[in-house]
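Down below is the structure, laid out as structure tokens.
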Amino acid sequence: MFNLEEELKNLPDSPGVYIMHGSDDEIIYVGKAKILKNRVRQYFHSSRSHSPKVLAMVSNIKYFEYIVTDSEIEALVLECNLIKKHKPKY
């Protein structure tokens, strides 16, 4: 079972791509980060600064996964390829 708090604690200080999943395991969002720990945590904390679109997306997240890359450029390329492949809702 996915434990959000535990997963957020285990995020690395590395560049990479994060993949948000909704119900039925569908991919609803793909994003890249220079530092995965900082970027992914932003979605789940201080919601008052989020746009309505981001709030809607976060309410639909059942779990997330991530892929660590060697550089931010590599993360950008991977993000682009994953978006083209999966065509996420958000």
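By the criterion of side-chain heavy atoms lying less than 4.5 angstrom apart, applied directly or through intervening Ile, Leu, Val, Met, Phe, Trp or Tyr residues, Val30 is grouped together with Ile67 in one hydrophobic cluster. Hydrophobic clustering (side-chain heavy atoms under 4.5 Å, transitive across Ile, Leu, Val, Met, Phe, Trp, Tyr) keeps Val17 apart from Val40. When hydrophobic clusters are built by joining Ile, Leu, Val, Met, Phe, Trp and Tyr residues whose side-chain heavy atoms come closer than 4.5 Å, directly or via intermediates, Leu76 is not grouped with Ile27. When hydrophobic clusters are built by joining Ile, Leu, Val, Met, Phe, Trp and Tyr residues whose side-chain heavy atoms come closer than 4.5 Å, directly or via intermediates, Ile83 is not grouped with Met20.
For the atom pair CD1 (Ile19) and CG (Leu78), the distance works out to 7.0 Å, reported to the nearest 0.5 Å. In this structure, CZ in Arg41 is found 12.0 Å from CD in Glu7, a value given to the nearest 0.5 Å. Note that the CG atom of Leu4 and the NZ atom of Lys62 stand 12.0 Å from one another [nearest 0.5 Å]. Of the inter-residue distances, the one linking Leu11 atom CG with Phe64 atom CZ reads 4.5 Å to the nearest 0.5 angstrom. We find the OG1-CG distance between Thr69 and Leu36 to be 7.0 Å, quoted to the nearest 0.5 Å.
Other residues, nucleotides and ligands contribute only 12 or fewer heavy atoms inside 6.0 Å of the CG atom of Asp70. When the shell of 6.0 Å around CD1 of Ile73 is examined, it contains 12 or fewer heavy atoms from other residues, nucleotides or ligands.
The shortest heavy-atom contact between Met57 and Ile28 is O-CD1, 3.9 Å. Pairing each heavy atom of Ala75 with each of Gly16, the nearest pair is CB-O, 3.6 Å. Of all heavy-atom pairs spanning His21 and Asp25, the tightest one is ND1-O, 3.1 Å. Nearest heavy-atom pair, Asp13 versus Ile35, reported as atom, atom and distance to 0.1 Å: CA-CG2, 3.9 Å.
None of Asn60, Leu55, Val54 except one satisfies the side-chain contact (heavy atoms from CB on, under 4.5 Å) rule with Val58; the exception is Val54.
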Q: Go through the steps to decide whether Val77 and Glu74 satisfy the test side chain to side chain contact (heavy atoms under 4.5 Å, CB included), and finish with yes or no.
A: CA-CA 5 Å; Val77 172; Glu74 186 180 334; 5.9 Å; no
**Q.** Verdict with reasoning, Glu72 to Lys32, per side chain to side chain contact (heavy atoms under 4.5 Å, CB included)
**A.** CA-CA 8 Å; Glu72 193 176 3; Lys32 70 146 185 83; 3.1 Å; yes
Q: Output, in order, the C-alpha distance, side-chain angles, deciding distance and verdict of side chain to side chain contact (heavy atoms under 4.5 Å, CB included) for Leu8 and His45.
A: CA-CA 11 Å; Leu8 289 174; His45 299 297; 4.2 Å; yes
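Between Tyr43 and Tyr18, the gap from one ring centroid to the other is short of 6.0 Å.
A donor-acceptor pair is defined here as one N or O able to donate and one able to accept, closer than 3.5 Å; no such pair exists between the side chain of His50 and the backbone of Ala56.
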